**Student:** 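Pasting a structure here, questions to come.
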Amino acid sequence: MRPFTYERADGLAELARRALQTGQGQVDAEVQFLAGGTSLIDLMKLDVLRPRSLVDITPLAAEHGTVELRPDGLRIGALASMASVAVHPGVVEQYPAIAESLRLAASAQLRNMATIGGNLLQRTRCPYFRDPSWTACNKRLPGSGCAALDGINRNHAVLGVDTSCIAQYPGDLGVVLAALDAQVELAGPRGARRVPFSTLHRPPGGQPHVETTLLPGELITEVAVPAGAWTRRSLYLKIRDRASYEFAIASAAVALDLDGETVRSVRLGIGGMAYRPWRAAEAEAALTGKPLTEANAEAAAEIALRDAVTNGHNAYKPELGRRTLVRALLQARAM
Amino acid sequence: MNYDPQSLLGQATPRVDGVAKVTGAARYAADEVVANPAYAYLVTSAIARGRIAGFRLEQAMAVPGVLDILTHENVGDALKQSPPGPDGKPSTTTLESERIWHDGQIIAVVVADTFEAAREAAHKVEVDYAEERPAGTFGDEGTQTEPAEAPFGPNPEVGDAAGAFAAAPVKVEARYATPTQHHNPLELFSTTCAWEGSKLTVYEPTQFMHGTKARMASQLGLDIQDVRAVSRYVGGAFGSKGVNGRAAWVAIAARRVGRPVKLVATRADGFTTNSYRAETLQHVRLSAERDGRLTSFFHEGWELSSRPSPYCVAGTEQTARMYACPNILTRVNVVHADRNTPGYMRAPAETPYMFALESAMDELSYALGMDPIELRRVNDTQIDPVSGRPFSSRSLMPCFDAAAVRFGWQRRDPQPGSMRDGEWLVGYGCATACYPVFTGPAGARLTLMPDGRAQVAMAGHELGTGAYTAVAITAARLLGIDVDDVTVSMGDSDLPPVIVAGGSSNAASTALATAKVCEEARRRLAAAAVTAADGPLRGLDPDALVLVEGRLRHDGGAEEPIRDALVRVGGRLEVYAEHVPDGLPRGAVAALGDGQLLFQHNGNRSDVTAFAFGAQLVEVRVHRRTREIRVPRVVSAFAAGTIINPMAARSQFMGGAIWGLASALHEATELDHGAARYVNKNLADYMIPVNADVPSVDIIILPEKDERVNALGIKGIGEVGIVGMNAAVANAVFHATGKRLRELPIRAERLL
């Protein structure tokens, strides 16, 4: 860890005026926003992130830390803790997949500290990224290569990857938000704007050190999830090596609107194997208008994983991903 | 000595140090307060093989507060002797030269006014390497394989295993693999060194007080009398806290900067600067008659080690003794690679090797169409098939029977894949647990105070196992006083030497020495009482006097309070005694004081073969579609002779069973093959079970009276609990799915 300055944010307007150079996920960004700190401080101790300045945004929690259930959808303040959203009665009842994805994430202690905005921007767990003694990591050292391609990659991504980076997006909530068409409200030097959550994380595109489409100085203030007939019949299924406190090796978010046996509308997200929060839109289309049978679920899962690229230890992921999606669909049908 | 072992069969007793531990009052080595300490941080190699071409230290030295950076270029001949491997034989080096033996090797030590400055500077040390292509593990080009001898005797061999196998009607042959694993005690590895003139005090969590003292003396070229080691509490050790490559450099750093230096190594450092459980490959052949009786057993192992170290565990010494079998052949090989030296880790030999044997026994049970517990019953024996000597006691089948009843084993449908619960495939599996008995020498000093309270002092080791409490219980029983009236001191090399707390020997070794010193106290009090000019015991037979209920009592009924008896010996009685197990030299305790290791074990005793035994039964559930594996239920039964404290013993067995489960499903240190470097050097990525993974662990402790193992009938309980559980889980996975997995850990992808 290197010396840094620490200050507490006064308000959004003040932050916007200062146009802080927070970057787009680059490890050498000079300024970092500090919220729960569960990812940031960890990576600073490991000497991966080396900010000269931390700006603590938790003073904004009073204004941007609440959960609001509206007729047109759900609004979650970016500084709400994961724990508080997981137990919010409206979320539990109307958006069970969101509650479940939070409940199954991390540990109780981490969920108490970590915020929704920080969770969405959680860094990869790729060991070659997290240890600076490895010299080949395009995400950390642009142009240096990717040690994971030929290395230990059992829990690396198979969807949305290229040869520059196969790091996996480790989060759970993001998978649900991708499926539910969420939007994120941003605030920054150029004012507020609202963008689809699906555009927040960039594909590697040969430049995996640039992780987000956030502009310098911008931060997430709110997550908006539109209402829909599918949100109540929604779930998040997480497959992992141990029963708790563990990242997914495969996960699926399913939101389902059924007309009898027939799929009126379905939203599918895939986790534990994608470079960024992943929505399986073509698989959704293949299911829509058809009866939700095991065979149709399997056919949709086939489509969802057909572009998977494996690199050795993670060769099991496409098959596990298909099975996870099928199981999640059949479980949602039974809800 | 002539004690009734049952007299120690104890009541569940809460830890005497429990309150100190949970309130933070207990001082672990890194908690010890030294004046004006500087802080050290390790720099470790980022390559696995090659040389250091040079350091660039300017940036690091420029960090405010940095006092010194030790490298091979500037330490001269400060280190007089390189630390050996855990077996006392040659091992890898650290700052002695520019040579890199393995990933994560200590190559520099940064010392600064604060921990933070030391860490920042360590991150700024730049190293130029001359890298060579490493070989990390089995199958990598450049490893060297050599045959080895088992550590405690010749490789077991009886009869004609090859001939019997060829002729047998039923046989199985298979290869098994177990992974690299690390101890990861919760307490990190630490060393604090403080000089006072030429005298050195080292605070370090250790399993062998006098080993640490002697090692520091020899490495630093000091008179052994000038070194004191202190380690009052250890936050878990499991075999990892002994000889190491860091401690001497901390002492040297302290001398260089002229003040005490404290080093608490990081979790990641713990993976590469200390020992570990090496990966193994194993080849097993088992054959039997159609009634299940074994006719041959062949077991060969390959174990990984560093380039210079011949260290191996050779669990074939145990597997060869498990079942009645007339033809046995075993072999073991060491495979040298560019890795650090492995070492003892809880049941070092038994955890990997019993996985292979107990998996093969399960495979044989299916080949025979026989219940796996019945197969073990058919081959149970009270005679060691290798030596021909009797087991001191062996309650293996009573363990299986007790566990089977509690578990409901009779509900098992033998057909694999036949048992289901909704979406989950259900499997039952079992395996034998064993651990050989080791007993070591120990000295003990006992002081009886005028008020009848007792103080016992010995350089014993509290690793979290309840050692203080076990000695207090033993002394209280034998002195006839309350546990609360006994104070125990340990963890200081100024106290009488005690054998290393390893090999599950701690309870027996310390209890036998405690018993001896208590008997000596009784003898002195009795002698004084019967020769006194007056008093109720005058003229009685001193051997008919016992200490009980705070009194010195004759079996005819005459008695006096222990306080009165003490008045006759001057009010306060201090006695010293040593216990040396049969077959070891008379001066064994003094030799311990010089850092030597002397054990009584199955390889050097001629009367019996001594093991603790147990039975591990588990229920496994595998999701029929996504194949994640869960273990809702464990039932384990153990018989390990005299149990001093059933409360602590239950925890030990339970912790062992959970660790065994982890070794089946979770634990593995992942090696990047190209770089020969570990990649999961933290407790998030190195998986261990969480509470949700172990919802029910049911421990049964069977009473067992063993009058041959030693005078108190104590076998040791620290390690047997882990053994066999990995095989029980693998066997249950086969029962649930019909898929035999012979490589650990077992994870969902292997079942897709």
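Chain A is the first sequence line, chain B the second, and so forth, proteins listed ahead of strands; every chain is numbered from 1. Note that the structure is a prediction, hence the values are computed from the model and not measured.
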**Student:** Between chain A and each of Ile688(B), Ile629(B), Asn691(B), count heavy-atom pairs under 4.5 Å; write down the option with the most.
**Tutor:**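 Among the listed options, the one with the most contacts to chain A is Ile688(B).
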
**Student:** Between Asp241(A) and chain B, which part of the residue has a heavy atom less than 4.5 Å away: side chain, backbone, both or neither?
**Tutor:**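 When you check distances to chain B, atoms from both the backbone and side chain of Asp241(A) fall under 4.5 Å.
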
**Student:** Taking the side chain from Asp693(B) and the backbone from Ala243(A), do they hold a donor-acceptor pair closer than 3.5 Å?
**Tutor:**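 Answer holds: yes.
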
**Student:** Sub-4.5 Å heavy-atom contacts with chain A: which residues of residues 125-142 of chain B show up?
**Tutor:**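 Those residues of residues 125-142 of chain B which would need a heavy atom under 4.5 Å from chain A do not exist here.
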
**Student:** Looking at chain A, which one of His623(B), Arg750(B), Glu116(B), Lys124(B) has the largest number of heavy-atom pairs inside 4.5 Å, strictly under?
**Tutor:**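 Option with the top pair count is His623(B).
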
**Student:** How about residues 664-684 of chain B versus chain A: which residues have heavy atoms under 4.5 Å apart?
**Tutor:**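 Residues in range: His666(B), Glu670(B), Leu671(B), Asp672(B), Ala675(B), Arg677(B), Tyr678(B), Val679(B), Lys681(B), Asn682(B), Leu683(B), Ala684(B).
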
**Student:** Any idea which of Arg130(A), Lys45(A), Glu319(A), Arg322(A) has the most non-hydrogen atom pairs under 4.5 angstrom with chain B?
**Tutor:**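 Max contact count across the listed options: Lys45(A).
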
**Student:** Would Glu749(B) and Lys317(A) pass as an ion pair if we require N to O under 4.0 Å?
**Tutor:**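 No.
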
**Student:** State, to 0.1 Å, how close Glu628(B) and Arg240(A) come at their nearest heavy-atom pair, and which atoms those are.
**Tutor:**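 Glu628(B) and Arg240(A) have their closest heavy atoms at CB-O, 4.2 Å.
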
**Student:** Top residue by heavy-atom pair count (under 4.5 Å) with chain B, among Tyr128(A), Trp134(A), Phe247(A), Tyr316(A)?
**Tutor:**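 The answer is Trp134(A).
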
**Student:** Tell me the closest heavy-atom pair linking Tyr245(A) and Val690(B), and the distance in Å.
**Tutor:**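 Minimum heavy-atom separation between Tyr245(A) and Val690(B): CB-CG1, 4.1 Å.
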
**Student:** What residues of residues 41-59 of chain B sit under 4.5 Å from chain A when you count only heavy atoms?
**Tutor:**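 Interface residues of residues 41-59 of chain B: Ala46(B).
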
**Student:** Please determine whether the number of non-hydrogen atoms from other residues, nucleotides or ligands lying under 6.0 Å from atom CG of Asp150(A) exceeds 12.
**Tutor:**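 Open.
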
**Student:** Non-hydrogen atoms of chain A under 4.5 Å away: do they reach the side chain of Arg630(B), the backbone, both or neither?
**Tutor:**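 The answer is the side chain of Arg630(B).
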
**Student:** Among Thr324(A), Leu320(A), Leu237(A), single out the residue with the greatest number of heavy-atom pairs under 4.5 Å to chain B.
**Tutor:**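 Ranked by heavy-atom pairs under 4.5 Å with chain B, first place is Leu320(A).
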
**Student:** Report yes or no: does Arg327(A) contribute a side-chain atom to a donor-acceptor pair with the main-chain N or O of Thr626(B) at less than 3.5 Å?
**Tutor:**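 A pair under 3.5 Å: no.
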
**Student:** For residues Met1(A) and Glu120(B), report the shortest heavy-atom separation together with the two atoms involved.
**Tutor:**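 Distance-wise, the nearest heavy atoms are O-CB, 3.4 Å.
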
**Student:** Can you list the steps and then say if Leu330(A) with Arg625(B) is a side chain to side chain contact (heavy atoms under 4.5 Å, CB included)?
**Tutor:** CA-CA 11 Å; Leu330(A) 299 179; Arg625(B) 199 181 293 273; 3.4 Å; yes

**Student:** Do any of residues 292-306 of chain A have a heavy atom less than 4.5 Å from a heavy atom of chain B, and if so, which, in residue order?
**Tutor:**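 Residues Glu294(A), Glu298(A) are the ones that qualify, each having a heavy atom under 4.5 Å from chain B.
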
